[in-house]
There are 2 protein chains.
Amino acid sequence: MTHLMNRYLHSTRLLVAIDCIIFGFDGEEIKLLLIKRNFEPEKGKWSLMGGFVKEEEDLEVGAERILYELTGLDNIYVEHLQTYGKVNRDPVERTISVVFFALINIHAHDQESVRAHNAQWISLKNAPKLIFDHDRMVENALERLRYKAALHPIGFELLPEKFTIPQLQKLYEAIYDMRLDRRNFSRKILSTGLLIDTGEKNENSATKKAILYRLDKQKYESKFNAFWYFMPESS
Amino acid sequence: MTHLMNRYLHSTRLLVAIDCIIFGFDGEEIKLLLIKRNFEPEKGKWSLMGGFVKEEEDLEVGAERILYELTGLDNIYVEHLQTYGKVNRDPVERTISVVFFALINIHAHDQESVRAHNAQWISLKNAPKLIFDHDRMVENALERLRYKAALHPIGFELLPEKFTIPQLQKLYEAIYDMRLDRRNFSRKILSTGLLIDTGEKNENSATKKAILYRLDKQKYESKFNAFWYFMPESS
DNA sequence: ATTAAATGTGTCATTTCGACACAATAATAG
DNA sequence: CTATTATTGTGTCGAAATGACACATTTAAT
């Protein structure tokens, strides 16, 4: 008969937190949704939004709970980044932090809830010092975003449903902090076949109104995990 | 005066495990170092090598400890993959698993130690069913390896210090499970300038002996984090 | 010496990429 | 009502990279 165990003995149990990096894009810059803590520990300082894992809750579910609590949004793009576990990262007590990052349309969240949590959108470049190792988390999340956005059509998660090619270009320029050539960018993006011309134009323009596109969800889904840009197509 | 805390109250503490995916390459196939468990739980079944995090031990240090225990190697390539925390992933008791993967030269480990742990190199393609969610961990690690190897010169970690271009090609073919053209591969690899001709040749060949190269460590270090193949070089 | 298998190098047409020119659109100023 | 200015859409061209493929060289085995 098989030996059954009820519990692992002599093993240390640790606090497990979840922290979330929330990226947004205002048309010019990449922004972070940060909270000015009105609670201990580190009250008065800036940090990521976080919380503790509940006893009967999956990690992903915990992340979604925390994101919903702050933004009122669900069904958003969330991806597990990595886990931070240095012994002294939290001076109060040893805590393992499982970190997720989310991409949201900056105009779509619940303003009221954000205010209630003392949260604010702050440009990535001017972000204040954050508590513990949260700065490193943000740094790593940006690296991951850069990877991901280069290989997969992920940037759309940061834009409204309908967007123009110049808007998309500004997004990529913000993500990679580099200027791109208008014409080459347009050619490259259109050649993916992922954009559908809605027939509408951006009426908020003071000059020539740009064409509004939307993402071809079908192609997006089918291409998402199929992008091995780097390996040869054949042979 | 600042409020000081001693401990987080009312928060659940959980078991934290570390599991390691260990990749090797035998010249033909990608292999995994797996253990046939001679201990509970799940005794007799196959799994990744793992252990629990110690009270005063960083996660990375824990991973290195576990890898050293099995292979006798330190200073090897180790990277944090992600963390698995589904409530019921371990039937014994809820356990969060922080997962790392390692790339090692398959001929360089301590045979004795591997035997003592009941471990074996098993081809990725013929790997047995593993316990818990270890199969998914391997799957995700392979995806990550494919990403990484495409963008960074990481494959060398799986080869001996001196290697031939045909050997390197077989490695890439194994990682991506696709055939590559000899001549185009050679051109592409040599154009990176990362390979140094040692002047020696592979004497183990029954036909034309291939040139043995070694990695240019200097260029490797400086290029490692600078590979944005996908974004334009300028403008 | 011949053969067979593997390696090193070269060619060529096609595609992609980066740099740049020009025309079209729309609000605003005179 | 026309000129101006800022922005957008599209095209061109040479250079570089890519994929397909040919040929000569090396080495052990026959």
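Chain naming here is simple, since letters A, B, ... match the order of the sequence lines and numbering starts at 1 in each.
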(request) Taking all heavy atoms of L81(A) and all of M137(A), pick out the closest pair and write down the distance. (result)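 The pair with the smallest heavy-atom distance is CD2-O, 3.7 Å.
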Rounded off to whole Å, could you give me the [atom1]-to-[atom2] distance for the [X] and [N] pair?
X	N	atom1	atom2	answer
K170(B)	dA5(C)	NZ	P	14 Å
D181(A)	dT7(D)	CG	P	16 Å
N184(A)	dC20(C)	CG	P	11 Å
E203(B)	dT26(D)	CD	C1'	12 Å
L180(A)	dC17(C)	CG	P	13 Å
L168(B)	dT7(C)	CG	P	13 Å
Q169(B)	dG8(C)	CD	C1'	13 Å
I189(B)	dG19(D)	CD1	P	13 Å

(request) Would you state whether a donor and an acceptor, one from the side chain of R187(A) and one from the base of dG18(C), lie under 3.5 Å apart? (result) yes
(message) Aromatic contact between H109(B) and W121(B), with the criterion being ring centroids under 6.0 Å apart: yes or no?
(response)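 Yes: the rings meet the under 6.0 Å criterion.
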(message) Between F156(A) and F163(A) (judged by ring centroids, cut-off 6.0 Å), do the two rings come close enough to count as a pair?
(response)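 That pair passes the under 6.0 Å test.
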(message) For the backbone of L212(B) and the side chain of T198(B), can you confirm whether one donor and one acceptor N or O come within less than 3.5 Å of each other?
(response) yes
Contacts under 3.5 Å, N or O only, protein and nucleotides 8-10 of chain D:
| unit_1 | atom_1 | unit_2 | atom_2 | d |
| --- | --- | --- | --- | --- |
| dT8(D) | O2 | K208(A) | NZ | 3.1 |
| dG9(D) | OP1 | I211(A) | N | 2.9 |
| dG9(D) | O4' | K208(A) | NZ | 3.4 |
| dG9(D) | N7 | R182(A) | NH1 | 3.1 |
| dG9(D) | O6 | R182(A) | NH2 | 2.8 |

(message) Whether the Q218(A) and Y220(A) side chains hold a donor-acceptor pair (N or O, under 3.5 Å, no angle test) is what I'd like checked.
(response)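 Result is no, nothing qualifies.
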(request) Not counting sequence neighbours, list each pair that qualifies as a side chain to side chain donor-acceptor pair (under 3.5 Å) and has a residue in residues 59-73 of chain A. (result)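 Found E57(A)-R65(A), E69(A)-H117(A).
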